[in-house]
Amino acid sequence: MTGLEFLASFIKTGRLHHGIGIGSTLGEADRVLQHRCVDVVGEDGLSLRRDYGFVELYFNPGEEWVMSGGSIELHRLANAPESAAPWAAGTGVEFTRYTAWADVREALSEVPPAPEFTVTDQGGFVEYRAEASCVSVLVVDDEDDERGYHAGHGDVWSISLWAPVRAM
């Protein structure tokens, strides 16, 4: 699967590889994502960040650690494209060094219905927020940013997944 196909699916569904998403347990993530990672537990013991290189998953404790969010830090691939290789080996998803938002939008349009986005200026970035899937895409919006050791104008910086706020 290409990175574009993966991202289009993730943006539409809020689910990563093999259905991993908000509410998945750490054990479920371990069964699906079997490559090396670094675990960082918060000082208070109330959070866990699992870092797979350019993909990070966030967990909260309970009876089990439960996924509360995540991010795909695509900007890291510009400076370290080799970090995509372990992810590709473990998931079959191959990312390129840069990911243009226009290409992601095209991939989204190929599998209707396309998600609706709320668009917000974030000072040098534009955020495209898909409320239905709880996914947010940050795109580089500085005209002077050129591709090199970092993402350039129009490239996806990161894609984040967040837990929806529950009404009390």
Side-chain angles (χ1 to χ4, degrees), residues 1-26 28-29 32-33 37 47-60 62 65-78 81 83-84 87-88 90-143 145 147 150-168:
M1 174 185 285
T2 69
L4 289 173
E5 292 166 333
F6 174 84
L7 294 174
S9 174
F10 178 54
I11 292 167
K12 284 184 177 198
T13 66
R15 294 286 176 192
L16 289 163
H17 198 59
H18 293 287
I20 296 297
I22 300 297
S24 295
T25 65
L26 185 59
E28 291 168 335
V32 171
L33 304 172
C37 62
S47 64
L48 168 66
R49 178 175 56 90
R50 177 158 281 183
D51 189 336
Y52 293 94
F54 72 101
V55 176
E56 296 182 355
L57 303 180
Y58 314 116
F59 295 87
N60 291 333
W65 287 98
V66 177
M67 189 170 159
S68 60
S71 63
I72 303 171
E73 302 293 333
L74 292 169
H75 64 94
R76 293 181 185 170
L77 296 177
S83 64
W87 183 264
T91 64
V93 179
E94 296 187 11
F95 283 92
T96 58
R97 187 173 180 189
Y98 307 102
T99 301
W101 176 235
D103 294 340
V104 174
R105 292 294 297 253
E106 185 177 327
L108 282 166
S109 71
E110 292 175 8
V111 185
E116 292 185 28
F117 293 104
T118 301
V119 181
T120 308
D121 179 9
Q122 296 290 341
F125 297 93
V126 174
E127 178 186 26
Y128 295 84
R129 193 172 177 104
E131 299 290 337
S133 60
C134 297
V135 173
S136 173
V137 181
L138 273 184
V139 177
V140 179
D141 191 40
D142 188 333
E143 295 279 345
D145 280 338
R147 287 180 171 178
H150 55 83
H153 180 260
D155 286 333
V156 177
W157 183 263
S158 65
I159 300 179
S160 301
L161 174 66
W162 73 91
V165 176
R166 295 184 186 148
M168 298 186 133

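- The distance from the CG atom of Leu7 to the CD1 atom of Ile159 is 4.0 Å, given to the nearest 0.5 Å.
- The shortest distance between side-chain heavy atoms of Val140 and Trp101 does not fall below 4.5 Å.
- Val156 and Ala151 get closest at one heavy-atom pair: O-CB, 4.3 Å.
- The side-chain heavy atoms of Asp155 and Thr99, taken from C-beta on, include no pair separated by under 4.5 Å.
- Using a 4.5 Å cut-off on side-chain heavy atoms (C-beta onward), Asp142 and His153 make no contact.
- Atom OG of Ser136 and atom CG of Leu161 lie 10.0 Å apart (nearest 0.5 Å).
- Side-chain atoms of Ser9 never come within 3.5 Å of backbone atoms of Glu5 as a donor-acceptor pair (strictly under, hydrogens ignored).
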Stepwise, does the side-chain contact (heavy atoms from CB on, under 4.5 Å) test hold for Leu33 with Tyr52? CA-CA 9 Å; Leu33 304 172; Tyr52 293 94; 3.8 Å; yes
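- Aromatic ring orientation, Phe117 versus Tyr128: perpendicular (interplanar angle above 60°, classes split at 30° and 60°).
- With a 4.5 Å cut-off on side-chain heavy atoms, Leu26 and Arg50 count as touching.
- Between Gln122 and Leu138, the closest heavy-atom pair is CG-CD2, 4.1 Å.
- Contact of the Ile11 side chain with the Pro115 side chain is registered, since non-hydrogen atoms from C-beta on lie closer than 4.5 Å.
- One finds a salt bridge joining Asp51 and Arg49 here, because a Lys/Arg side-chain nitrogen approaches an Asp/Glu carboxylate oxygen to under 4.0 Å.
- Atom CZ in Phe95 sits 4.5 Å away from atom CZ in Phe54 (nearest 0.5 Å).
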Give the intermediate values and the outcome of side-chain contact (heavy atoms from CB on, under 4.5 Å) for residues Leu57 and Leu16. CA-CA 10 Å; Leu57 303 180; Leu16 289 163; 3.4 Å; yes
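- Listed here is the closest heavy atom pair of Phe59 and Ser68: N-OG, 4.0 Å.
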May I have the step-by-step check of side-chain contact (heavy atoms from CB on, under 4.5 Å) for Tyr58 and Trp65, ending in yes or no? CA-CA 9 Å; Tyr58 314 116; Trp65 287 98; over 6 Å; no
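- The two residues Leu108 and Ala8 make their nearest non-hydrogen contact at CD2-O, 3.5 Å.
- In this structure, the side chains of Trp157 and Val139 stay at 4.5 Å or more apart for every pair of heavy atoms.
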Assess whether side-chain contact (heavy atoms from CB on, under 4.5 Å) is satisfied between His150 and Asp145, documenting all intermediate values. CA-CA 8 Å; His150 55 83; Asp145 280 338; 4.1 Å; yes
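- Remark: Arg129 qualifies as a cation-pi partner of Trp162 under the 6.0 Å distance and 45° angle criteria applied to the six-membered ring.
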Test salt bridge (Lys or Arg N to Asp or Glu O under 4.0 Å) applied to Arg76 and Glu56, step by step: CA-CA 12 Å; Arg76 293 181 185 170; Glu56 296 182 355; 2.8 Å; yes
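- Not one N or O on the side chain of Ser71 forms a donor-acceptor pair closer than 3.5 Å with the backbone of Glu73.
- By the 4.5 Å heavy-atom criterion applied to side chains, Ile72 and Phe10 are counted as neighbours.
- Residues Leu77 and Ser83 form a side-chain contact, since some pair of their non-hydrogen atoms from C-beta on lies under 4.5 Å apart.
- A 6.0 Å sphere centred on CD of Glu28 holds more than 12 heavy atoms belonging to other residues, nucleotides or ligands.
- Here the closest heavy-atom approach between residue Val93 and residue Thr2 is recorded as CG1-O, 4.0 Å.
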